[in-house]
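One structure below.
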Amino acid sequence: MPIPVVNLADFLSGDASLKQQFVQQLGKAYEEVGFVAVKNHGIPDELIKRMYQQVQEFFSLPAEKKKKYEIPELAGQRGYTSFGKEHAKGSDAPDLKEFYQHGQTVIGDVPEKAEYPDNVQIDEVPGFTETCNQAYLAFETSGKALLQAIAIYLGLDEHYFDNHIHNGNSILRAIHYPPIKEEPKSAIRAEQHEDINLITLLVGASADGLQILTKQNEWVGVTSLPEQIVVNVGDMLQRLTNNKLKSTTHRVVNPPRELWGTSRFSIPFFLHPKSKMSLACLESCIDTNHPKAYPDATAGEYLDERLREIGLKK
């Protein structure tokens with residue numbers, strides 16, 4: 001199923017009517033589908049290509065080399081997490097993946113500096129950390145523009161989210177779904193789930209497999225063109241907007257049998273605010289037909305609860 005396509009260049013064009021058109025298209029898509037494909041997203045092709053090459057290089061290292069980058073006390077928030085450690089909320093079955101996470105490099109002497117662990121430096125893949133840093137900043141810039149459009153759609157100040165996401169707790173995650181060697185117990189590589197964060201930006205997975213659950217309760221495959229990124233609403237934004245913007249349930253399914261021997265790589269960027277941001281439902285999203293659906297919580301409190309639910313934090 002082709003998902004709605006929006007052109008970020010319209011929003012950044014300086015043309016007021018194009019900008020407003022973009023805001024309406026994006027908002028409507030997020031109310032109805034929860035996912036969009038974004039073209040002219042500003043993340044350079046060359047950077048994406050380099051990142052995929054280096055990610056593949058990292059995951060093809062021997063298991064004992066990758067293991068030294070797995071630091072249990074970081075609860076998977078930085079460095080490597082080995083195969084089968086994470087599961088979806090409400091599911092006991094481990095997801096068939098391993099992943100690597102890179103986080104914020106805090107600028108300035110601010111409280112967040114003490115809050116976030118340092119990024120893990122990979123020795124075996126030259127330039128890997130630098131590429132992760134560049135990609136992180138590019139994703140953050142695109143995500144900020146998309147959140148500005150969302151703020152306008154919600155009737156907030158355009159820059160409502162800017163300060164919340166500056167030095168925010170966003171995560172760049174590189175995922176490897178290894179080849180399937182034997183009859184799998186399940187057809188699912190990553191069980192159905194919703195993302196925790198505000199929005200997720202996903203750049204070109206190396207194979208099909210991503211499916212979203214429609215309002216009609218049907219699973220449909222998500223396809224986007226190579227020059228597009230897929231951006232979906234996460235639970236924090238759903239919570240903030242009292243369910244006005246939908247966090248879409250999605251999953252990754254196994255490929256057809258003839259492609260079992262192939263790996264799947266995927267690089268999502270989970271855009272998180274600073275932990276002290278309030279996720280209390282916006283007053284403008286509460287009315288008699290839509291009573292307040294969630295108790296007040298900060299982003300940090302909510303993240304902590306969810307990391308425990310998916311098995312990354314004890």
Side-chain angles (χ1 to χ4, degrees), residues 1 3-6 10-11 16-17 19-38 88-90 143-165 168-169 192-201 212-220 222 230-251 270-310:
M1 156 184 152
I3 52 177
V5 179
V6 294
D10 288 352
F11 183 72
S17 66
K19 183 173 182 174
Q20 196 46 44
Q21 194 181 315
F22 176 88
V23 166
Q24 292 309 314
Q25 283 172 334
L26 186 71
K28 186 167 174 287
Y30 281 157
E31 280 197 40
E32 293 171 3
V33 190
F35 265 78
V36 293
V38 181
K89 177 183 172 179
K144 181 179 176 180
L146 290 163
L147 283 171
Q148 286 170 350
I150 290 167
I152 296 170
Y153 185 75
L154 294 170
L156 302 167
D157 179 87
E158 180 175 340
H159 301 288
Y160 178 85
F161 292 100
D162 293 11
N163 196 38
H164 291 305
I165 63 171
N169 194 15
Q192 66 179 66
H193 65 284
E194 297 81 40
D195 293 340
I196 300 171
N197 39 288
L198 290 168
I199 55 174
T200 301
L201 294 83
I212 65 174
L213 189 60
T214 64
K215 280 194 173 160
Q216 291 71 41
N217 228 22
E218 290 169 352
W219 286 106
V220 295
V222 168
V230 173
V231 184
N232 63 279
V233 171
D235 285 351
M236 287 185 180
L237 191 57
Q238 172 172 275
R239 201 179 170 113
L240 183 74
T241 64
N242 198 36
N243 298 327
K244 181 180 171 74
L245 302 187
K246 298 280 181 285
S247 175
T248 304
T249 302
H250 53 287
R251 66 182 185 182
F270 301 115
L271 202 152
H272 283 264
K274 292 193 270 250
S275 61
K276 61 178 186 281
M277 178 184 180
S278 167
L279 298 179
C281 301
L282 296 164
E283 290 296 328
S284 58
C285 296
I286 301 170
D287 57 34
T288 42
N289 294 333
H290 305 91
K292 186 176 174 183
Y294 303 98
D296 295 355
T298 65
E301 288 163 350
Y302 183 60
L303 175 62
D304 196 60
E305 174 193 319
R306 289 291 298 273
L307 289 177
R308 291 177 200 282
E309 287 173 347
I310 63 174

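Model, not experiment: these values are computed from the prediction. Hydrogens, waters and symmetry mates are skipped; everything else that's a heavy atom, side chains included, is used.
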Nearest-0.5 Å distance, [atom1] of residue [X] to [atom2] of residue [Y]:
X	Y	atom1	atom2	result
Leu240	Asn243	CG	CG	11.0 Å
Leu237	Leu245	CG	CG	5.0 Å
Ile196	Arg239	CD1	CZ	12.0 Å
Glu194	Leu213	CD	CG	9.0 Å
Gln20	Phe11	CD	CZ	9.5 Å
Ile199	Met236	CD1	CE	12.5 Å

| said: side-chain contact (heavy atoms from CB on, under 4.5 Å), that's the test. Do His272 and Asn197 meet it? Break it down for me. | reply: CA-CA 5 Å; His272 283 264; Asn197 39 288; 3.5 Å; yes
| said: Apply side-chain contact (heavy atoms from CB on, under 4.5 Å) to residues His290 and Lys244 and explain how you reach the verdict. | reply: CA-CA 9 Å; His290 305 91; Lys244 181 180 171 74; over 6 Å; no
Can you name the closest pair of heavy atoms from [X] and [Y] and give their distance?
X	Y	answer
Thr249	Gln192	CG2-CB, 3.9 Å
Pro273	Leu198	CD-CD1, 3.7 Å
Val33	Pro4	CG2-CG, 4.1 Å
Leu271	Lys144	CD1-N, 4.3 Å
Ser247	Gly234	OG-C, 3.5 Å
Asn242	Cys285	ND2-O, 3.2 Å

Please output the side-chain donor-acceptor pairs of residues 150-164 that fall under 3.5 Å, not counting sequence neighbours, one pair per line with the distance.
| residue | atom | partner | partner atom | Å |
| --- | --- | --- | --- | --- |
| Tyr153 | OH | Glu31 | OE2 | 2.7 |
| Asp157 | OD2 | His159 | N | 2.8 |
| Glu158 | OE1 | Lys19 | NZ | 3.1 |
| Glu158 | OE2 | Lys19 | NZ | 3.2 |
| His159 | ND1 | Gln148 | NE2 | 3.4 |
| His159 | ND1 | Asp162 | OD2 | 2.7 |
| Asp162 | OD1 | Gln148 | NE2 | 3.4 |
| Asp162 | OD2 | Gln148 | NE2 | 3.2 |

| In terms of the angle between their ring planes, are Phe35 and His250 parallel, tilted or perpendicular, with boundaries placed at 30° and 60°? | perpendicular
| Between Tyr302 and Asp235, is a side-chain contact (heavy atoms from CB on, under 4.5 Å) present by the stated rule, with each step listed? | CA-CA 10 Å; Tyr302 183 60; Asp235 285 351; 3.3 Å; yes
| said: A quick test of your reading: do over 12 heavy atoms of other residues, nucleotides or ligands sit less than 6.0 Å from NZ of Lys292? | reply: yes
| said: Exactly one of Val231, Asp10, Leu146, Val38 should register a side-chain contact (heavy atoms from CB on, under 4.5 Å) with Leu26. Which one does? | reply: Leu146
| request: For Val36 and Gln25, run side-chain contact (heavy atoms from CB on, under 4.5 Å): C-alpha distance rounded to whole Å, both residues' side-chain angles, the deciding distance at 0.1 Å, then the answer. | output: CA-CA 10 Å; Val36 293; Gln25 283 172 334; over 6 Å; no
| query | Judged by modelled atom types alone, do Thr248 and Asn232 share a side-chain donor-acceptor pair under 3.5 Å? | reply | no
